[in-house]
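Computed from a predicted structure; not experimentally measured. So that the names make sense, note that chain A is the first sequence line, chain B the second, and so on, each numbered from 1. The figures here come from the full heavy-atom set of this structure, side chains too, leaving out hydrogens, waters and symmetry mates.
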Number of protein chains: 2
Amino acid sequence: MTAAGDATTGKGPAGEDPQGADPRDGTGYRLTAQAGHLLRRANQRHLAIFSARMPDLTPRQFAALAKLDEEGPASQNQLGRATSMDAATIKGVIDRLARRGLVATEPSQEDRRRLIVSLTEAGAELFARAAPVALEITEETLAPLAPEERRLLTALLDRIS
Amino acid sequence: MTAAGDATTGKGPAGEDPQGADPRDGTGYRLTAQAGHLLRRANQRHLAIFSARMPDLTPRQFAALAKLDEEGPASQNQLGRATSMDAATIKGVIDRLARRGLVATEPSQEDRRRLIVSLTEAGAELFARAAPVALEITEETLAPLAPEERRLLTALLDRIS
DNA sequence: AGACTTTCATTGGCATGCAAACGACCCGCA
DNA sequence: TGCGGGTCGTTTGCATGCCAATGAAAGTCT
């Protein structure tokens, strides 16, 4: 270990307060006990696993390809809603995918505001190769949990989404 | 809200595959069933709640204040590790907090590489007012769950972090 | 002491993510 | 038929978030 004056604050063992309010100090707040912090950390680990296993696609780019594969062509905003990205975000994602030739865009005939996005041949092929890896990523993300716990976590996350 | 909630049973002969692989289509991938997607969506909802309840502070800015209040002054990188932000990210957060006079920075005496960050009077006061709100944010984030489920989710998230 | 390894802070670059503002366009309704 | 409200895509601005590279400063090992 390093001896560079790095007090790791061992703190007390004690029966912790699961809510994060701690009577020991004035404000009663422990960052690491908050749901938001835990969600962020879990997500961070997941993203690290993702980029290690699928270096050529970002999670969002893959999500867009997956949804296009799942549901077929859609307008940009539709696709954004389906993947939980706002209009500004999905635009950047689609632009980058289009620049790589993984998706194609064309204006809609019925509604001239809309920009229809569809998978290209290359995009479909890449997705087909990537999908199994994506399942492995989910697997590795949930690796610390037993099968029963994985289903439970999934269900709980879905309910607070 | 979706049918993914009943994933706790062994299921029948050919029920849903909770892992997200679905034999019905070629690639066998359902985006909305993946842990990463659910983590992201849950986090998204949490961030929305946060910014609605605490418009003057971002989650990361608040986290930095909270950690400083909890552990006292620390170097920038130390604080980053304590709040799970990398060196590049924590720098921006501290810069913005310093510009608002909520934290102060000064070079360390013992180690001239280090930049010691501490709460200012104003920062401590703001945190004192914000901490109760932060607890409410956690509360609202977990509102859809029963107390027992909240503890369970927290524990599961901690294990995959 | 001198070389090698680490750590610290900073910077540049790329990719989200969200809010707000815009112009174009569609639709229901008076 | 014309108009106001809502949608679509775009752009700008700000705040993460991470990687890689860099120079300065410590620490370690011989």
Nearest whole Å is fine: how far is D:dC8 C1' from A:Asn77 CG?
5 Å
Does the side chain of A:Gln78 get closer than 4.0 angstrom to OP1 or OP2 of D:dC8 through an N or O atom?
no
A:Ser84 vs A:Arg113, nearer the 5' end of DNA chain C by closest nucleotide:
A:Ser84
Against the side chain of B:Leu115, the closest entry in C:dA15, C:dT11, C:dT10 is C:dT10
Please determine, for the side chain of A:Ala88, which listed nucleotide (C:dA9, C:dC18, D:dG9) has the closest atom?
C:dC18
State plainly whether the residues B:Arg150 and B:Glu139 are in salt-bridge range, i.e. N to O under 4.0 Å.
yes
In whole angstroms, the gap separating P of C:dT7 from CD1 of B:Ile90 amounts to 18 Å
Look at the side chain of B:Arg112 and decide which nucleotide, out of D:dA26, D:dC18, C:dC25, has an atom nearest to it.
D:dA26
Which part of the nucleic acid, if any, lies within reach of B:Thr89 when heavy atoms closer than 4.0 Å are counted: base, sugar-phosphate only, or nothing?
base
Distance check needed: C:dC18 C1' versus B:Arg45 CZ, whole Å only.
18 Å
What is the nucleic acid contact for A:Asp111, judged by heavy atoms within less than 4.0 Å: base, sugar-phosphate only, or nothing?
sugar-phosphate
Looking at the side chain of A:Gln76, which of D:dT10, C:dC18, D:dC19 is the nearest nucleotide?
D:dT10
Looking at B:Arg81, I'd like to know whether one of its side-chain N or O atoms comes within less than 4.0 Å of OP1 or OP2 on C:dC8.
yes
If we only count heavy atoms from C-beta on, is the B:Leu65 to B:Leu97 side-chain gap below 4.5 Å?
yes
Rounded to whole Å, the CZ-P distance (A:Phe50 to C:dA15) equals 14 Å
In whole Å, what is the span from the CZ atom of A:Arg96 to the P atom of C:dA15?
5 Å
Of A:Gln109 and A:Pro59, whose nearest nucleotide on DNA chain C comes first from the 5' end?
A:Pro59
With a cut-off of less than 4.0 Å, is there a side-chain N or O of B:Lys91 near OP1 or OP2 of C:dT10?
yes
B:Ser51 side chain near C:dC18 phosphate (N/O to OP1/OP2, under 4.0 Å):
no
Value in whole Å for how far the P atom of D:dT10 lies from CG of A:Leu79:
13 Å
Expressed in angstrom and rounded to an integer, what is the separation of B:Asp86 atom CG from C:dT10 atom C1'?
12 Å
So A:Thr32 and B:Asp158, do their side chains get closer than 4.5 Å, heavy atoms only?
no
Just to confirm, is there a sub-4.0 Å distance from OP1 or OP2 of C:dC8 to any side-chain nitrogen or oxygen of B:Arg114?
yes
Rounded to whole angstroms, how far apart are CD on A:Glu110 and P on C:dC27?
10 Å
Upstream residue (5' side of DNA chain D) when B:Val93 and A:Asp95 are each assigned their closest nucleotide:
A:Asp95
pair B:Pro107-B:Arg112: side-chain heavy atoms closer than 4.5 Å
no
Evaluate the side-chain proximity of A:Gln78 to A:Arg114: yes if any heavy-atom separation is below 4.5 Å, no if none is.
yes
Please determine if B:Glu136 and B:Arg53 form a salt bridge, counting it only when a charged side-chain N lies under 4.0 Å from a carboxylate O.
yes
Per atom distances to the A:Arg40 side chain, the nearest of C:dC25, C:dA19, D:dG17 is D:dG17
